[in-house]
2 protein chains.
Amino acid sequence: MAARATHKTSESSDKVSVICRALRRAIIEQALEPGAKLPEDSLGERFGVSRTIARHALGQLAAEGLVELRRNRIAVVATPSWQEARDAFDIRIQLEGLVVRQLAGKLTKNQIAELNAHVDAEDRARGGTDAVSIRLATEFHILLAQMTSSPILVRYVSEVAYRCCLTLSLYSRPHSTECAINEHRAIIAALAKGDEAKVMDLMHHHLDSVANRALVAPAPQRGRDLLDILAPYADEVTSDRVVKLPKVARHG
Amino acid sequence: MAARATHKTSESSDKVSVICRALRRAIIEQALEPGAKLPEDSLGERFGVSRTIARHALGQLAAEGLVELRRNRIAVVATPSWQEARDAFDIRIQLEGLVVRQLAGKLTKNQIAELNAHVDAEDRARGGTDAVSIRLATEFHILLAQMTSSPILVRYVSEVAYRCCLTLSLYSRPHSTECAINEHRAIIAALAKGDEAKVMDLMHHHLDSVANRALVAPAPQRGRDLLDILAPYADEVTSDRVVKLPKVARHG
DNA sequence: AGCGCTCCAATTGCATGCAGTTTGGCGCTC
DNA sequence: GAGCGCCAAACTGCATGCAATTGGAGCGCT
C-alpha cells in the first residue's frame with residue numbers, strides 16, 4: 001500500500017503548500033471565479049501568514065497556470081481564452097492516453113476497488129452542487145494518473161486537468177455529470193479487462209465529449225482583453241504610438 | 001529596438017524571472033550538474049539580490065521540475081531517476097506530436113526560414129561542446145512549439161524538453177548530434193510539405209532515438225564550486241550589488 | 001580505532017519594513 | 001456632462017532581521 005506518494009517536488013507541509021492547496025481547491029470549485037482578484041495582503045490575512053508567503057504561493061499557482069501574475073498588479077484567477085481551453089483539452093487527451101495505456105491490465109484489485117469507490121462518491125454527489133461534481137470528476141482522472149506511479153505524469157495530468165476545470169467554469173453551461181460518471185465506470189471496466197485499445201478509445205471519447213459539451217461556442221471571447229485581441233495586429237505597425245491605446249471600455 | 005514577443009504569462013523582467021532564466025540555462029548547459037547544491041544565500045550573493053528573491057526563483061524552478069526542494073534542506077538541481085527520464089520522453093513524444101500535427105502545412109515562409117536558420121546554427125555548433133549542441137537541439141523543439149502560438153503547449157513542451165536535457169546530462173555518453181541535426185532538417189521538410197503522417201512519424205522516431213541513445217547507463221559526475229560556475233551567468237544581471245568575485249572558499 | 005554525543009556554524013522559514021508603482025476618486029476645465 | 005490631471009490609498013517589489021532546523025566537526029566514551 002504505497003498510497004504515500006508524496007511529491008517531493010513541492011506540496012510538503014510548509015505554509016506555502018497549504019495555501020496553494022486551499023487556493024487551488026477554491027479555484028476549481030469555482031468559489032473563486034476566473035478574474036477574481038487575489039491581493040497578497042488579503043490572502044496573508046485570511047490564512048494567517050505574511051505577505052511573503054502569500055506571494056510565494058501565488059507564484060506557484062501562476063507556474064501551474066491557475067493564476068495570472070502581472071508586474072505591479074494584483075494577481076487574478078486565470079481566465080483562459082477559448083483557444084487555450086481547447087489546447088488544454090488536446091494536451092489532456094494525449095497525456096491521459098499515456099496514463100491508460102500504462103495502466104491497462106496492470107491494476108491491482110485494491111486499485112480497482114479504490115477507483116470504484118471514487119466513482120461511487122461521484123454518484124452520491126450528484127445531488128450536490130456542480131462545483132463538487134466537477135471537482136470529483138477531475139480527481140478521478142488524477143487518481144488514475146497517480147496509479148501510474150510516475151510523478152511527472154501525475155504532475156502534468158493534474159495541472160492540465162485543473163486548467164480544464166477552470167475553463168469548464170468559464171464556458172460550460174449547467175452541467176450534466178451523469179454520462180461522465182458512466183464513462184468513468186466504463187473506463188474502469190476496460191482497464192480491469194486489460195483491453196488497451198478499448199480503454200484508449202473510451203478515454204479519448206470521454207475527454208472529447210467533455211470538451212465538446214463544455215466548449216460550445218467558437219467565439220465567446222468573454223472576459224478577453226481588447227489589448228490581447230489586438231496584439232497580433234499591433235505587431236505589424238511600426239509606429240511607436242501603438243503601445244498605449246486609451247482605456248477603451250469593453251462593450252458589455 | 002525590436003519589439004520583444006515576450007510571453008506575459010511569466011518570464012517578464014523582474015528579478016525572479018531573470019534568475020530563473022540564468023539558472024535554467026546553467027542547468028541545461030550542464031554548468032550546474034544534477035545534484036549540485038543551490039543555497040539561497042550564495043545565489044542571492046551571486047546575482048546581487050536578496051535571499052527572498054533567490055528563494056522565489058528556486059520555487060519556480062522546482063515547479064518546473066528542474067530543482068528539488070526539501071524542507072529545511074539546501075535546494076539541489078534535480079536528479080531524475082532513469083524511470084522518470086523515460087516517462088519524460090514518453091510525455092514529450094506525445095506533446096511534440098501535437099505540435100507537429102498542428103504545424104504540418106501551416107508554416108509560413110518566414111517560419112521555415114527561421115527553423116532552417118536555427119538548424120544551421122546547430123550545424124555550426126558541432127565543433128563546440130556537447131552542452132551547447134544539446135541546448136540548441138532542445139531550443140529547436142521549443143521553437144517549433146512556439147510556432148503553434150499555443151502558450152500552454154509552449155510551456156509544457158519547454159518544461160519537458162528541459163527535463164529531458166537534464167537527463168541527457170545524467171545518462172548520456174559522449175554525444176553524437178549529427179544524426180539529430182539531419183532529423184531536424186527532415187522534420188522541417190515534411191512540415192513544409194504538409195505531410196502530417198510523415199512528420200508525426202519522423203518526430204516520433206527522432207525523439208525515440210534520442211531517448212534510446214541517451215538512456216543507457218549512469219555516469220558519475222564531479223562537483224565544482226557554485227560561485228565559479230555561475231560567474232558567466234551573473235553577467236546578465238544588471239545590479240550594482242552583484243558580487244564580482246567569489247569569496248567562498250571551496251573545500252580543500 | 002570506532003561509535004555516539006554535544007554544540008556551533010550554516011542554512012532555511014517566515015515576518016516586517018520601506019520604497020516604488022498602480023488604482024480610483026475628486027475636483028477642475030472645457 | 002465628458003474629459004483630463006492630480007493626489008491619496010492600496011498594492012506590489014524587494015531587502016533585512018530573527019527564530020528554528022540541520023549537519024557536521026570535535027570530543028569523550030567504550
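Just so it is clear, the values below take in all heavy atoms, side chains as well, and ignore hydrogens, waters and symmetry mates. Just so we're on the same page: letters track the sequence lines, and every chain starts at 1. The structure displayed is predicted, hence computed values, not measured ones.
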Polar side-chain atom of Q60(B) near backbone of G59(A) as donor-acceptor pair, under 3.5 Å
yes
Would you call D87(B) and L153(A) a side-chain contact if the rule is heavy atoms closer than 4.5 Å?
no
Side-chain contact check for I74(B): nearest option of dT12(C), dT12(D), dA15(D) is dT12(C)
Taking R92(A) as the fixed residue, which of V160(A), V157(A), V210(A) is the one that meets the side chain to side chain contact (heavy atoms under 4.5 Å, CB included) rule?
V160(A)
Any R73(A) side-chain N or O less than 4.0 Å from OP1/OP2 of dC11(D):
no
Protein-nucleic acid N or O pairs under 3.5 Å, nucleotides 19-21 of chain C:
from    : atom 1 : to     : atom 2 : distance (Å)
dT21(C) : O3'    : N72(A) : ND2    : 3.3

I want to check something: taking the side chain as every heavy atom from C-beta on, are R55(B) and L43(B) in contact at a cut-off of under 4.5 Å?
no
Categorize V16(A) for me: base, sugar-phosphate, or nothing, with a 4.0 angstrom heavy-atom threshold over every strand shown.
nothing
Please determine whether a side-chain nitrogen or oxygen atom of K15(B) lies at a distance below 4.0 Å from atom OP1 or OP2 of dA15(D).
yes
Rounded interatomic separation in angstrom, taking CG from L38(A) and C1' from dA10(D)
16 Å
Between CG of L69(B) and P of dT11(C) the distance, given in whole Å, is 15 Å
Using C1' atoms of five pairs at each end, report the bend of the helix from dA1(C)-dT30(D) to dC30(C)-dG1(D) rounded to 10 degrees.
10°
Integer-rounded Å distance: dA15(C) C1' and R51(B) CZ:
12 Å
Whole angstrom is fine here: how far is it from CG in D14(A) over to P in dA19(D)?
21 Å
Heavy-atom side-chain proximity of H56(A) to T52(A) below 4.5 angstrom:
no
Check whether any side-chain heavy atom of Y162(A) sits under 4.5 Å from a side-chain heavy atom of L61(A), and report yes or no.
no
Is a side-chain donor or acceptor of R155(A) paired with a backbone partner of A63(B) at a separation under 3.5 angstrom?
yes
Considering only heavy atoms from C-beta outward, does the side chain of T138(A) approach that of L168(A) to under 4.5 Å?
no
Can you tell me which nucleotide in dT11(C), dT12(D), dG24(C) comes closest to the side chain of K37(A)?
dG24(C)
Taking side chain to side chain contact (heavy atoms under 4.5 Å, CB included) as the definition, give me every residue that meets it alongside E33(A), ordered by chain and number, with sequence neighbours left out.
none
For T129(B), side chain to side chain contact (heavy atoms under 4.5 Å, CB included) partners two or more places apart:
A131(B), V132(B)
Give the rounded distance in Å between these two atoms: CG of D41(A) and P of dT23(C).
16 Å
Any donor-acceptor pair under 3.5 Å from H118(B) side chain to L136(B) backbone:
yes
By ring-ring contact (aromatic ring centres under 6.0 Å, His included), F140(B) pairs with (sequence neighbours left out) H184(B)
Of all of residues 52-59 of chain B, which get a heavy atom below 4.0 angstrom from DNA chain D, listed by number?
T52(B), I53(B)
What is the separation between atom CD on E45(A) and atom C1' on dC11(D), rounded to the nearest whole Å?
14 Å
Whole Å only: how far is the CD atom of E40(A) from the C1' atom of dC11(D)?
8 Å
